[in-house]
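Working notes, structure below.
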Number of protein chains: 2
Amino acid sequence: MRAVFAEESRISVLDVPEEILEPLSRSPVARDVAHRAGVSTATVSRVLNGSAGVRADKREAVMRAAQDLGFVANGAARALSTRRFMAVGAVVPNIENEAFVRVLSSFQERLRQAGYTLVAANAGYDLEDELREATFLLERGVDGLMLVGDIHHPDLHTRIARHGIPMVQTFSLSRERPCVGFDNAASAARAANYLIDLGHRRIGVISGLRKDNDRGGARVTGIAQALAARGLTLAPEHDIEISYGIGGGRDGFRQMLAGGPPPTAIICGTDQIAFGAMIEARARGLDVPGDLSVIGHNDSDFAPFLDPALTTIRIHSAEIGHAAGDHLIARMQGRPVVRLTQIDAELILRASTAPPRKPTLD
Amino acid sequence: MRAVFAEESRISVLDVPEEILEPLSRSPVARDVAHRAGVSTATVSRVLNGSAGVRADKREAVMRAAQDLGFVANGAARALSTRRFMAVGAVVPNIENEAFVRVLSSFQERLRQAGYTLVAANAGYDLEDELREATFLLERGVDGLMLVGDIHHPDLHTRIARHGIPMVQTFSLSRERPCVGFDNAASAARAANYLIDLGHRRIGVISGLRKDNDRGGARVTGIAQALAARGLTLAPEHDIEISYGIGGGRDGFRQMLAGGPPPTAIICGTDQIAFGAMIEARARGLDVPGDLSVIGHNDSDFAPFLDPALTTIRIHSAEIGHAAGDHLIARMQGRPVVRLTQIDAELILRASTAPPRKPTLD
DNA sequence: TGGCTATCTGAAAGCGCTTTCAAAACGCTG
DNA sequence: CAGCGTTTTGAAAGCGCTTTCAGATAGCCA
């Protein structure tokens, strides 16, 4: 059931031309402040940047003049002069995705404290687009760059290197490049082992799109290997790749059921997918966790509130963002840094997983 | 039930000092390109900015030289020279909030197409913080600014005016300033009227924090007025203000029940709050919608998938973002614009609302 | 008070682009 | 081929800040 009520569709008040805002003469520049304070622009700069060696009275005068005039330094001029933009870029696959939002938020928090601004861009799970967006950021001017994952367009590293700015990768580990993340394969394998230990033998996977996505790929690989190590296999019909979201999860599970004997447990690429799969399972009369155990990824806000509460792999997004921020800030300030920071994901056990009702016989 | 399994806590590989990246001489500048192409920097600039009036052969030569050198113009120098930063700022109350994320994403989409970058900042529902963040953005250099809501720090408008850049407000309407949004009071009132029409007489509200939040305030006011117009009142014990989130919703509803005869319907500030309230209701043995009708706000992804599916006020976040982007781009390019764009919210009817089981008698 | 050092200060030179302005090159026409 | 109107082009002047460098001041001691 779904209807639109009282749709008083959209209205626009047309063409009220903009009035001109105050004919403000011209925004004040350092010279104006210097004049007013009776000093040179050099001194203005020194005062406003807090550098020592300015006599108290002049300092006062400059401060007051700047205040009176409402002076705000021109960022571009400063950047041009100092060769520092005081900005950091971040390119993430999907800027609306909860996990990335959390990382960006905590990343920004750190940067902001250090006086940097964050400029985020969207790469949409496509290496070409990622390259394009990163290039755009480099042109506009950033002092550092955050990327997601370990596979990128071959030209990307060259371009970053040419700009001579530090870069840090997140969400996965890398032997070649600085990174903050976790072992996606290992954490997914841990979830698989947990299910195997519970007695499950037919285990399925519903992942998001894996194209240009090393994290998703690694997780599936990790699961397949964990199964193999215990003499089990990930059946092709139990290895589903769908688009993200609750709808994707429903479709994915439906697809899986169409492929032969259903699994007794599934591991999903996100909690949204897991939620969708649970809905579809219920619609098919399957009990979770009685007939089907479900594990998600991310520990979204709603995960503990689902019915049953969702077992999930919690990614410490906030800590990844903080660590990535700290890493970049340190390098931009020329301090030594750790090259690899590992922040392991945790398996959070809740009610959506249980031993299979009737242990499978094979 | 909630346990942490196999917590192999966090590891950091320490102090592998960063190797120096390629000792690249110095990134190429326009002069280098000019030299290589045998022209002046003026011509280089003309070619790279696509301005007409450059002979084809020189244009070719410049293109090739720029390509060979991997030249990328310095954004700060360009900004300083053109007095345009090609950047737009946005200050939102909570950068992690789903509704704002969606607006920012669609806003950015438009800006990006027009060659602008978005710089977003977090104001945390506090006017002082909002002022601080906006000022920070103004200093760093933006050509336009997006804000949320119609109440701001008194100094904010002065500062924006001093910079002479356009600003647009979102999510609510304003008679003083350019805006893209909807009538929060009216849309909430519509929801209230719908409940009244269903036969509800005791209607409650659980809103998020209303401090420095005109949207939240307007919604409650709208509901109270709608009730009053039908001879009903919003009882103080049914007017709850809590922090956002599912947990907030649970707490809020619990608090409401503690305050006397329970309402037969509630309107919540977000779908998360509504979800929390539904969980708490169920925990108390109340049936939704039999004993309690619930309406949310935003039409989050999960709303149609809750059990029962959630009736909610859908805010067209993506369209608000697009319209705000278009508005700002137009003004930055000196084109005339509409001053007020209204994009009404819709009431989406689903299964969480129904007539009260036993009509109240008053 | 003179001399010497330590502290402050301002003039001026960039930073790397864009853009104006005048000169150069070009293409026609008569 | 001179003369004239167009195109093209480059020199140079900014844009508004930081920072160097040398000169001006102040502080101190004898």
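Each chain gets a letter, A, B and so on, in the order its sequence line appears, and its residues count up from 1. Side chains are part of it too, since the values below use all heavy atoms of this structure and drop only hydrogens, waters and symmetry mates.
- DNA chain C lies under 4.0 Å from at least one heavy atom of each of the following residues of residues 70-78 of chain B: B:F71, B:A73, B:N74, B:A77, B:R78.
- Looking only at atom types and distance, the side chain of A:H327 has a donor-acceptor partner in the side chain of A:R331 under 3.5 Å away.
- Applying the side chain to side chain contact (heavy atoms under 4.5 Å, CB included) criterion to A:V29, with sequence neighbours excluded, gives A:R26, A:R31, A:D32.
- Here A:H322 pairs with A:S106, A:E109, A:R110 under the side chain to side chain contact (heavy atoms under 4.5 Å, CB included) rule; sequence neighbours left out.
- Each of B:R46 and A:P28 lies near DNA chain D, and the nucleotide nearest B:R46 is the one positioned closer to the 5' end.
- Relative to the axis of its first five pairs, the axis of the last five pairs of the helix from C:dT1-D:dA30 to C:dG30-D:dC1 sits at 40°, rounded to 10 degrees.
- Within the nucleic acid shown, B:A42 comes within 4.0 Å of at least one base atom, counting heavy atoms only.
- Contacts of B:V39 with the nucleic acid, taken as non-hydrogen atoms under 4.0 Å apart, involve only primed sugar atoms and P, OP1 or OP2.
- Partners of A:S174 under the side chain to side chain contact (heavy atoms under 4.5 Å, CB included) rule, at least two apart in sequence or in another chain, are A:D150, A:Q169, A:E176, A:R177, A:C179.
- Taking every nucleotide of DNA chain D with any atom under 4.0 Å from a non-hydrogen atom of chain B, the first and last of them, 5' to 3', are D:dT8 to D:dG16.
- Residue A:V44 is classed as having no contact, given no heavy-atom separation below 4.0 Å to the nucleic acid.
- Under the rule for a side chain to side chain contact (heavy atoms under 4.5 Å, CB included), the partners of B:V101 that lie at least two apart in sequence or sit in another chain are A:E96, A:V101.
- Residues meeting the ring pair (Phe, Tyr, Trp, His ring centres under 6.0 Å) test with A:F85, sequence neighbours left out: none.
- For the atom pair CG of B:L156 and OG1 of B:T135, the computed distance is 7.0 Å after rounding to the nearest 0.5 Å.
- Side-chain contact annotation: B:H153 with B:E130, donor-acceptor N/O pair under 3.5 Å absent.
- We find the CG-CD distance between A:L131 and A:E133 to be 10.0 Å, quoted to the nearest 0.5 Å.
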Kindly list each side-chain donor-acceptor pair under 3.5 angstrom involving residues 60-79 of chain A, sequence neighbours excluded, with atom names and distances?
residue: A:D68; atom: OD2; partner: A:R36; partner atom: NH1; Å: 2.7
residue: A:N74; atom: OD1; partner: A:A76; partner atom: N; Å: 2.8
residue: A:N74; atom: OD1; partner: A:A77; partner atom: N; Å: 3.0

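- At a threshold of 4.0 angstrom between heavy atoms, the contacts of B:R31 with the nucleic acid are absent.
- Contacts between residues 80-87 of chain B and DNA chain D, defined by a heavy-atom separation under 4.0 Å, are made by B:L80, B:S81, B:R83.
- For the atom pair B:H163 NE2 and B:L138 CG, the distance stands at 4.5 Å (nearest 0.5 Å).
- With sequence neighbours left out, the side chain to side chain donor-acceptor pair (under 3.5 Å) criterion links A:D155 to no other residue.
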Let me have the donor-acceptor pairs involving side chains of residues 117-125 of chain A, under 3.5 Å, with sequence neighbours excluded, atom names and distances please.
residue: A:T117; atom: OG1; partner: A:M86; partner atom: O; Å: 3.4
residue: A:T117; atom: OG1; partner: B:R140; partner atom: NE; Å: 2.7
residue: A:N122; atom: OD1; partner: A:I95; partner atom: N; Å: 2.8

